[in-house]
Amino acid sequence: NAGVTQTPKFQVLKTGQSMTLQCAQDMNHEYMSWYRQDPGMGLRLIHYSVGAGITDQGEVPNGYNVSRSTTEDFPLRLLSAAPSQTSVYFCASSYGGPSYEQYFGPGTRLTVT
Amino acid sequence: AQKITQTQPGMFVQEKEAVTLDCTYDTSDPSYGLFWYKQPSSGEMIFLIYQGSYDQQNATEGRYSLNFQKARKSANLVISASQLGDSAMYFCAMTFTGTASKLTFGTGTRLQVTL
């Protein structure tokens, strides 16, 4: 199993550009999430999904869109990148429920200039 | 609102010694789960250990144990016999019933293991 994969690993954008961060998992997990990690602030939840066709906002959703058309994929879209979105982005998946560990992807380091 | 607090930005420990990383939490929800993750310098997030709020015994996983004190709302991670490879950031996190496994993270503790 590949686990949770993310592409790209690194990305540099100019302010106002759009892009999609890809996330895929091959563990048949129902739950998938996107987090961002900023220095000194730990990880914060952006959006999450409890199954195909169902998404919801997390703690810091502004500036990001998600959709979940399949169980495997959960892309994160930045519609108009801003310097405040410079961060490391992690995708995670789990079987669901509060007692299950989340499996994290390797992360995408995004810089917006 | 739920909150996780890690008050130690950085810790040093000598190789082969034990170290405790502190984590306190704030919630009124009686059902929750507590997790510890390790983030080495390579950046990936590695699950270490889990404790449920109704678990009677402290969780253990190899050299990792969780000192769970429910009344004090603390869930400290104890690493025994530290190794150089334990040098990393450590994050405490929690989930709550009905939150679809959404994790709330603390700000982390950077552990440095020295010779």
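Lettering of chains follows the sequences in order, A, B, ..., and the numbering in each one begins at 1.
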Structural part of A:Leu45 lying under 4.5 Å from a heavy atom of chain B: side chain

Group every Ile, Leu, Val, Met, Phe, Trp and Tyr by side-chain heavy-atom contacts under 4.5 Å, then state whether B:Met94 and B:Ile49 land in the same group. yes

Looking at side-chain heavy atoms only, is the closest gap between A:Phe90 and B:Met45 below 4.5 Å? yes

Under 6.0 Å from the NZ atom of B:Lys73, do we count more than 12 heavy atoms belonging to anything else shown? yes

Can you confirm whether B:Phe105 sits close enough to A:Tyr35 that some side-chain heavy atom of one is under 4.5 Å from a side-chain heavy atom of the other? yes

Mind checking whether A:Val60 and A:Leu21 sit in one hydrophobic cluster, side chains of I, L, V, M, F, W, Y counted as touching below 4.5 Å? yes

When only pairs under 4.5 Å are counted, which of B:Gln39, B:Gln6, B:Glu44 shares the most heavy-atom pairs with chain A? B:Gln39

Any link between B:Val19 and B:Leu84 through a network of hydrophobic side chains (Ile, Leu, Val, Met, Phe, Trp, Tyr) touching at under 4.5 Å? yes

So CG of B:Leu48 and CD of A:Glu101: to nearest 0.5 Å the spacing works out to 10.0 Å

Would you give the length of the straight line joining atom CG of B:Leu103 to atom OH of A:Tyr48, rounded to the nearest 0.5 angstrom? 12.5 Å

A:Gln37 versus chain B, heavy atoms under 4.5 Å apart: side chain, backbone, both or neither? side chain

Can you pull out every salt bridge (charged side-chain N to carboxylate O under 4.0 Å, His left out) where at least one residue sits in residues 31-41 of chain A? Sequence neighbours excluded, please. A:Arg36-A:Asp38, A:Asp38-A:Arg44

Using modelled atom types only, decide if a donor and an acceptor are shared between the side chain of B:Tyr37 and the backbone of A:Gln102 within a distance under 3.5 Å. yes

Just checking B:Lys70: does its NZ atom have more than 12 heavy atoms from other residues, nucleotides or ligands closer to it than 6.0 angstrom? yes

